[in-house]
There are 2 protein chains.
Amino acid sequence: METLRERKKQRTRDALTRAALELFTSRGYEQTTVDDIAEAVDVSQRTFFRYFANKEEAALAVEELTVGRFIESVRERPAHEAPMEALRQAVLEGWDTLNDVVESVVPVELYLRMYRVIESTPVLLAAHLRRSAETEEAIARVLAEREGLDVETDPRPRLTVAVFSGVMRVTERQWSVGEDFSLDAIRALTVAYLEQVGPALTGDWRTA
Amino acid sequence: METLRERKKQRTRDALTRAALELFTSRGYEQTTVDDIAEAVDVSQRTFFRYFANKEEAALAVEELTVGRFIESVRERPAHEAPMEALRQAVLEGWDTLNDVVESVVPVELYLRMYRVIESTPVLLAAHLRRSAETEEAIARVLAEREGLDVETDPRPRLTVAVFSGVMRVTERQWSVGEDFSLDAIRALTVAYLEQVGPALTGDWRTA
DNA sequence: AGGCTAATGACAGCCACTGACAATTGACAA
DNA sequence: TTGTCAATTGTCAGTGGCTGTCATTAGCCT
């Protein structure tokens with residue numbers, strides 16, 4: 001972020017992101033055109049597409065930040081933690097530090113509202129899920145490295161991440177449709193649901 | 001399928017599906033325009049969009065059939081099977097009966113090739129994942145009903161399905177990038193990966 | 001046979017996205 | 001400081017996905 005040029009670019013990008021989220025959350029994703037966003041920031045439509053490959057990317061830009069942090073977070077977990085435990089700690093840490101990561105670009109509250117829009121807009125949800133799949137792959141590689149395994153031959157890293165991500169998806173969804181839209185709420189859900197996985201898998205739900 | 005009208009409609013739809021898969025698998029999804037598909041079947045573009053809400057839907061039309069069968073399959077599993085076991089059996093049954101379900105519309109081989117295209121085309125993968133999410137929800141409800149639970153209050157149905165689907169995703173992916181493109185191959189992978197879930201979760205990968 | 005309704009085709013138009021080129025503006029050395 | 005170079009932006013034209021509308025066609029049913 002040295003030169004004036006770079007700072008200017010960053011400002012434009014942030015402004016576009018903010019304008020996009022503002023419009024998406026107030027008016028809806030489909031009801032917002034790229035021209036609307038560009039106009040709000042007073043740049044040409046073409047410029048928007050120089051910053052974002054497509055409309056979705058603007059919608060998911062903030063999330064991208066948090067995902068990046070999450071991957072780093074897993075990589076930095078102490079080596080003695082078992083894979084699942086490392087993932088769990090990294091996510092919880094993620095919720096705790098969300099504020100710092102996000103607030104530099106948009107108000108956290110706006111980001112949280114955007115989450116709801118993503119969950120309820122089919123094309124955004126689709127894009128979100130695909131990115132999650134990419135994240136899973138990245139995490140699987142990190143786990144494999146931690147444990148000294150080859151991700152191509154040993155399925156356990158990918159399986160573990162897939163299971164973990166499955167649980168997180170359910171958590172996100174539940175949170176997004178719930179009343180309590182706070183970070184505390186999602187933190188609590190995360191802990192609760194991860195604890196339930198074991199019991200849920202062991203089958204006999206009627207006696208438990 | 002009584003009247004001529006209905007039969008004609010079905011034939012048009014199947015023809016569109018077949019033409020779409022043919023073009024997608026040979027030329028690529030992005031390189032195929034809706035006009036190309038419509039022209040191949042000799043109908044107007046407008047008619048294409050009367051049969052499919054969008055281009056993706058044509059690409060995923062065959063899969064839709066198999067998913068529908070799968071959900072039914074779970075519903076019909078004997079009540080004494082534990083949730084995970086019921087899911088497992090339903091999937092395996094799905095692979096076994098794939099031929100009958102698919103062949104009425106397109107050659108199975110074409111469908112299997114299409115699978116590869118889906119996995120390697122970002123926007124198709126995204127659409128596929130979103131539909132999978134919908135399927136998960138449907139399955140969760142079936143499980144909840146089987147076990148006499150309320151899907152809104154008890155997280156276990158959704159969690160179980162999420163875990164199961166996570167494993168199936170890894171399976172599909174692995175299969176789609178592998179050499180052996182047969183149904184036997186994916187069947188074997190399914191069994192192997194499901195067996196690995198338990199061990200993968202229990203943590204200590206270094207001594208196992 | 002003839003009226004009714006569903007299915008189709010033909011436009012026209014919106015919006016997401018891209019390539020190409022010209023104009024502007026910051027970077028940096030002379 | 002200024003001149004040159006490179007990066008950023010705007011404009012314009014075009015493609016392709018998708019939708020609404022309305023006239024036309026074609027199966028249905030008495």
Side-chain angles (χ1 to χ4, degrees), chain A residues 1-17 19-21 23-24 26-61 117-118 121-128 130-131, chain B residues 1-17 19-21 23-24 26-61 117-118 121-128 130-131:
Chain A
M1 207 59 52
E2 264 311 295
T3 73
L4 166 60
R5 221 180 231 170
E6 275 168 322
R7 267 177 289 131
K8 221 169 172 180
K9 265 179 76 173
Q10 190 59 48
R11 249 185 293 137
T12 305
R13 192 190 157 86
D14 289 352
L16 282 170
T17 306
L21 294 211
L23 288 166
F24 291 160
S26 61
R27 186 187 308 181
Y29 179 76
E30 316 274 11
Q31 286 68 45
T32 304
T33 72
V34 172
D35 286 304
D36 290 337
I37 303 168
E39 196 179 352
V41 182
D42 203 53
V43 297
S44 70
Q45 191 218 50
R46 195 63 181 87
T47 294
F48 173 94
F49 283 114
R50 289 201 176 95
Y51 282 95
F52 303 102
N54 45 51
K55 200 173 143 185
E56 298 157 11
E57 205 172 294
L60 302 178
V117 176
I118 293 170
T121 307
V123 0
L124 279 186
L125 180 55
H128 169 64
R130 183 172 62 77
R131 292 172 83 123
Chain B
M1 207 58 51
E2 265 311 296
T3 75
L4 167 61
R5 253 226 271 267
E6 275 168 324
R7 268 178 287 128
K8 220 168 173 181
K9 263 179 78 173
Q10 190 59 48
R11 251 186 293 136
T12 305
R13 192 192 157 86
D14 289 352
L16 282 170
T17 307
L21 294 211
L23 288 165
F24 291 161
S26 61
R27 188 188 304 183
Y29 179 77
E30 315 274 12
Q31 286 68 45
T32 305
T33 72
V34 172
D35 287 303
D36 291 336
I37 303 168
E39 195 179 351
V41 182
D42 202 53
V43 297
S44 70
Q45 191 219 50
R46 195 63 181 87
T47 293
F48 173 94
F49 283 114
R50 289 202 176 95
Y51 283 94
F52 303 101
N54 46 51
K55 199 173 145 185
E56 297 157 11
E57 205 173 293
L60 302 179
V117 177
I118 294 170
T121 306
V123 0
L124 279 186
L125 180 56
H128 169 65
R130 182 171 62 79
R131 292 173 83 124

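Computed from a predicted model, the values in this text were never measured in an experiment. What you see below is based on every heavy atom in this structure, not just the backbone, and it leaves out hydrogens, waters and symmetry mates. Protein chains get the first letters and strands the later ones, always in sequence-line order, with residue 1 at the start of each.
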**Report entry** Side-chain heavy-atom pair B:Thr121, B:Phe24 within 4.5 angstrom cut-off
**Finding:**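 No, every pair of side-chain atoms sits at 4.5 Å or beyond.
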
Which one, [options], comes nearest to the side chain of [X]?
X: A:Thr47; options: D:dG10, C:dC17, D:dG27; answer: D:dG10
X: B:Thr12; options: C:dT25, C:dT8, D:dC18; answer: C:dT8
X: A:Arg50; options: D:dT8, C:dA20, D:dG17; answer: C:dA20
X: B:Lys55; options: C:dA27, C:dT8, D:dC18; answer: D:dC18
X: A:Arg5; options: D:dG16, C:dA16, C:dT25; answer: C:dT25
X: B:Val43; options: C:dG9, C:dC17, D:dA7; answer: C:dG9

Please state whether the phosphate of [N], meaning OP1 or OP2, lies under 4.0 angstrom from any side-chain nitrogen or oxygen of [X].
X: A:Lys9; N: D:dT8; answer: yes
X: B:Lys8; N: D:dG27; answer: yes
X: A:Tyr51; N: D:dT9; answer: yes
X: B:Thr3; N: D:dC28; answer: yes

For the pair made of [atom1] in [X] and [atom2] in [N], what is the distance, rounded to whole Å?
X: A:Gln10; N: D:dA7; atom1: CD; atom2: P; result: 19 Å
X: A:Gln31; N: C:dA16; atom1: CD; atom2: P; result: 11 Å
X: A:Leu124; N: C:dA16; atom1: CG; atom2: C1'; result: 14 Å
X: A:Phe48; N: C:dT18; atom1: CZ; atom2: P; result: 11 Å
X: B:Arg11; N: C:dT8; atom1: CZ; atom2: C1'; result: 15 Å
X: B:Phe49; N: C:dG13; atom1: CZ; atom2: C1'; result: 14 Å
X: B:Asp35; N: D:dT15; atom1: CG; atom2: P; result: 12 Å
X: A:Glu6; N: D:dA6; atom1: CD; atom2: P; result: 17 Å

Query raised in the report: Should A:Tyr51 and A:Glu57 be marked as a side chain to side chain contact (heavy atoms under 4.5 Å, CB included) after you check the CA-CA gap, both sets of side-chain angles, and the distance that decides it?
Result: CA-CA 9 Å; A:Tyr51 282 95; A:Glu57 205 172 294; over 6 Å; no

**Report entry** Closest-nucleotide 5' rank along DNA chain D - winner of B:Gln45 and A:Ser44
**Finding:**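 Going by which nucleotide is closer to the 5' end, it is A:Ser44.
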
Query raised in the report: If you find the nucleotide of DNA chain C closest to A:Arg46 and the one closest to A:Val34, which residue's nucleotide is nearer the 5' end?
Result: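 By nearest-heavy-atom nucleotide position, the 5'-most residue is A:Val34.
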
**Report entry** Short side-chain to backbone donor-acceptor contact, A:Lys55 and A:Thr32, under 3.5 Å
**Finding:**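 Yes, the answer is positive, given that a donor and an acceptor are paired below the 3.5 Å cut-off.
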
Query - Short side-chain to backbone donor-acceptor contact, A:Glu6 and A:Thr3, under 3.5 Å - result: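 Yes, because the side chain of A:Glu6 sits within donor-acceptor range (under 3.5 Å) of the backbone of A:Thr3.
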
**Report entry** Modelled atom types, side-chain donor and acceptor of B:Asp14 and B:Thr17, under 3.5 Å
**Finding:**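 The criterion, which ignores hydrogens and geometry beyond distance, is not satisfied for B:Thr17 and B:Asp14.
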
